[in-house]
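Down below is the structure, laid out as structure tokens.
Within every chain, numbering begins at 1; the chains are lettered A, B, ... in the order of the sequence lines, protein sequences first and strands thereafter.
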There are 2 protein chains.
Amino acid sequence: MISVVILGAGNVATHLFKGFEKTNDVSVVQWYNRNASSLQPYSHLVDVTDNLEALKDADLYIIAVSDDAISELSSSLPFKDKLVVHTSGSVSVYDLDMKLKRGVLYPLQSFSKAAKLDFDNVPICIETIDKKSYPLLKKVAVSLGSPTKRINSDQRRVLHLAAVFVNNFTNQLYRIGHEITESEGAEFDLLKPLIKETANKIEDMSPFKAQTGPAKRNDKKTIKKHLKQLDNEHHKAVYELLTDSIKRTHGRKKL
Amino acid sequence: MISVVILGAGNVATHLFKGFEKTNDVSVVQWYNRNASSLQPYSHLVDVTDNLEALKDADLYIIAVSDDAISELSSSLPFKDKLVVHTSGSVSVYDLDMKLKRGVLYPLQSFSKAAKLDFDNVPICIETIDKKSYPLLKKVAVSLGSPTKRINSDQRRVLHLAAVFVNNFTNQLYRIGHEITESEGAEFDLLKPLIKETANKIEDMSPFKAQTGPAKRNDKKTIKKHLKQLDNEHHKAVYELLTDSIKRTHGRKKL
Ligand SMILES: NC(=O)c1ccc[n+]([C@@H]2O[C@H](COP(=O)([O-])OP(=O)(O)OC[C@H]3O[C@@H](n4cnc5c(N)ncnc54)[C@H](OP(=O)(O)O)[C@@H]3O)[C@@H](O)[C@H]2O)c1
Ligand SMILES: NC(=O)c1ccc[n+]([C@@H]2O[C@H](COP(=O)([O-])OP(=O)(O)OC[C@H]3O[C@@H](n4cnc5c(N)ncnc54)[C@H](OP(=O)(O)O)[C@@H]3O)[C@@H](O)[C@H]2O)c1
């Protein structure tokens, strides 16, 4: 049985706690937050504390606090040479205090406290400085039911950046679709099956192969019609840039 | 039993034929294409022809050919006053020859011949000039198992435009995610669960509410880091424009 202490009480920390509660291989022996009141709802299930000096001994400490607070919290830990990881996609593993055995467990998914989460759908990217820490971290991730992948810092940084494109920016395109449809009294809901199909299609086809539409076909007549239809200048700019982007990818435009 | 003639042999025509084959309410009595050889694989199931003069009598004619060919083909039909629809999101219903009873059955989904398709996931938008044509078109769409929605021309045009944003442009963001990850030897596959979750999230949450990430938080430090990381000028332009777009939506920026 691997003993774990969780630090932080936000989206990721809470889902990790709930995930570990269901496993037989990991036991959360303590849950820390700077403000223990947010842990009260769980105090019948686990020892909670807001006192770093009272931290229990454990095989692994998982720091799941805001990116900016990771470094300082790691330095405040009243021990050394123990295995401590953070869960951030963008913070360096070296931002953890060097008195510790350091690593990262980066769960590549969008977490929110309120929403249900199935760790089957959360690839966990593992990074360690010390090779010997890897098997334990892998076991912890596997116990949650997550697919795991060993990566280095550059790969993690790049995954985090790519996640902004496929998650935040994609969601903003949904938002623009919402604005465009509602402005004419059309129902955004009618687009939802297409949105799902677009995401599902790349399961076994590259996004390159999956592309269709006026930009890919270089259908100038339709592109012109669409630009005329858009009266919001900002939507027009997005249309133009992404049409240009598709043309570049599909060789319709010199680079 | 409603009798239907399909015109065209492409992605949409082929899926419509297969869909109707499974219903009890609609019978495809004939399938036309300018080039009958592409219909040969189906000639044991349905009467096929490349001769407009030989078109059979039917309750409904569905023109599922390239946008540019719809108008001319409708004028070439050797009859009048019969119900004829096209399946395009962007062509006007008035582009059909006025000698006909005109309408549109616009299936709001991405079709490709090779891929499986479930009409449950294909909202069919119905437009008619003549009110009396509507019940028959609705029955035809419902027979396929599709959700249906009566819309007007403006709504159809706007749905088609919004579909470009949520389908073609979204897919291009997946492509950029692919380029970014592969350039550092990271696996694009690790992003697939996040891509699906992003699409699923808006099932019961607006894209406005679903937004997260550095642009929404106006996290300048991370945005700056990301821009520095991107060495492809074109990816950088997409990052900047969509970050700006999110800031506008979430009131971080004056309009
Ligand atoms: N959310 C996601 O989708 C996601 C996905 C992958 C990775 N991550 C990473 O996971 C980590 C946590 O993210 P989250 O979304 O769970 O954050 P969150 O919900 O915003 O929670 C932040 C937590 O950090 C604590 N905290 C903030 N400043 C602190 C400080 N100065 N000292 C001590 N604790 C402090 C907060 O304590 P209080 O409760 O007292 O405010 C809170 O418990 C971050 O590194 C993030 O990059 C997040
Ligand atoms: N694909 C989609 O995702 C989708 C979604 C919604 C709506 N639509 C609409 O559905 C319609 C058909 O699209 P599609 O994707 O099925 O097209 P497609 O696969 O490209 O097939 C086009 C068909 O049109 C025929 N055609 C082309 N030019 C013609 C002409 N001058 N005269 C007669 N026939 C001609 C072709 O005949 P040959 O076989 O002889 O070349 C072919 O059968 C279009 O209006 C499109 O906007 C498509």
Side-chain angles (χ1 to χ4, degrees), chain A residues 90 108-110 121-123 149 151 154-155 157-159 161-178 180-181 184-186 190-199 202-203 207-208 210-215 222 225-226 229 234 237-238 241-242 245-246 248-249, chain B residues 90 108-110 121-123 149 151 154-155 157-159 161-178 180-181 184-187 190-199 202-203 207-208 210-215 222 226 229 234 237-238 241-242 245-246 248-249:
Chain A
S90 60
L108 217 177
Q109 190 47 281
S110 160
N121 302 321
V122 183
K149 180 80 196 171
I151 57 167
D154 287 342
Q155 291 167 332
R157 259 209 317 270
V158 109
L159 284 166
L161 174 57
V164 170
F165 281 83
V166 303
N167 174 10
N168 305 149
F169 293 169
T170 288
N171 186 72
Q172 182 64 8
L173 292 180
Y174 301 163
R175 166 66 193 184
I176 293 175
H178 196 257
I180 293 175
T181 46
E184 287 286 350
L190 290 168
L191 293 167
K192 288 180 176 173
L194 179 62
I195 284 173
K196 283 201 184 156
E197 173 65 16
T198 305
I202 58 156
E203 189 54 57
F208 181 85
Q211 192 56 278
T212 59
T222 303
K225 245 205 263 187
H226 281 163
Q229 234 177 297
H234 173 67
V238 172
L241 187 63
L242 284 165
S245 181
I246 294 171
R248 280 164 189 269
T249 297
Chain B
S90 60
L108 217 177
Q109 188 47 278
S110 159
N121 302 321
V122 183
K149 181 78 195 171
I151 58 167
D154 286 343
Q155 291 167 332
R157 258 209 318 269
V158 109
L159 284 166
L161 174 57
V164 170
F165 281 83
V166 304
N167 174 10
N168 305 148
F169 293 169
T170 288
N171 186 72
Q172 182 63 7
L173 293 180
Y174 300 163
R175 165 67 193 185
I176 293 175
H178 196 257
I180 293 175
T181 47
E184 287 287 350
E187 275 179 39
L190 290 168
L191 293 167
K192 288 181 178 174
L194 179 61
I195 284 173
K196 281 202 185 156
E197 173 65 16
T198 305
I202 58 156
E203 190 55 56
F208 182 85
Q211 192 56 277
T212 59
T222 302
H226 281 163
Q229 234 177 297
H234 173 67
V238 172
L241 187 63
L242 284 165
S245 181
I246 295 171
R248 280 163 190 268
T249 297

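No other option in B:A210, B:A186, B:P214, B:S90 has as many heavy-atom pairs under 4.5 Å with chain A as B:A186. Most heavy-atom pairs under 4.5 Å with chain B: of the set A:T181, A:V164, A:D154, A:T212, this distinction falls to A:T212. Highest contact tally toward chain B, considering only A:P207, A:A162, A:P193, A:G185, is held by A:P207 [criterion: heavy-atom pairs under 4.5 Å]. Interface remark: of the candidates B:N121, B:L108, B:N167, B:T222, B:N167 forms the most heavy-atom pairs closer than 4.5 Å to chain A. By number of non-hydrogen pairs under 4.5 angstrom with chain B, the leading residue of A:I176, A:I151, A:V122 is A:I176. Chain A forms more heavy-atom pairs under 4.5 Å with one residue of B:N168, B:V158, B:T198 than with any other, namely B:N168. When each of A:T170, A:I180, A:L161, A:I195 is scored by its heavy-atom pairs under 4.5 Å with chain B, the top score falls to A:L161.
At distances below 3.5 Å, not a single donor-acceptor pair connects side-chain atoms of A:Q211 with backbone N or O atoms of B:N171. Here the side chain of A:K149 pairs no donor or acceptor atom with the backbone of B:E187 at under 3.5 angstrom. Listed for the B:K196 side chain is no donor-acceptor partner under 3.5 Å among the backbone atoms of A:A199. With hydrogens and angles ignored, the 3.5 Å screen pairs a side-chain donor or acceptor of B:Q229 with a backbone N or O of A:R157. A donor-acceptor pair under 3.5 Å is formed between the side chain of A:Q172 and the backbone N or O of B:S245.
Contact check for B:L194 versus A:S110: side-chain heavy atoms found under the 4.5 Å cut-off. Within the 4.5 Å cutoff, the side chain of B:F165 has no heavy atoms near those of the A:L242 side chain.
Atoms CD and CD, on B:E197 and A:Q109 in that order, are 5.0 Å from each other to the nearest 0.5 Å. Note that the CD atom of A:Q155 and the CG atom of B:L190 stand 9.0 Å from one another [nearest 0.5 Å].
Both the backbone and the side chain of A:H226 have a heavy atom closer than 4.5 Å to some heavy atom of chain B. If you measure heavy-atom distances from B:V238 to chain A, the contacts under 4.5 Å come from both the backbone and the side chain.
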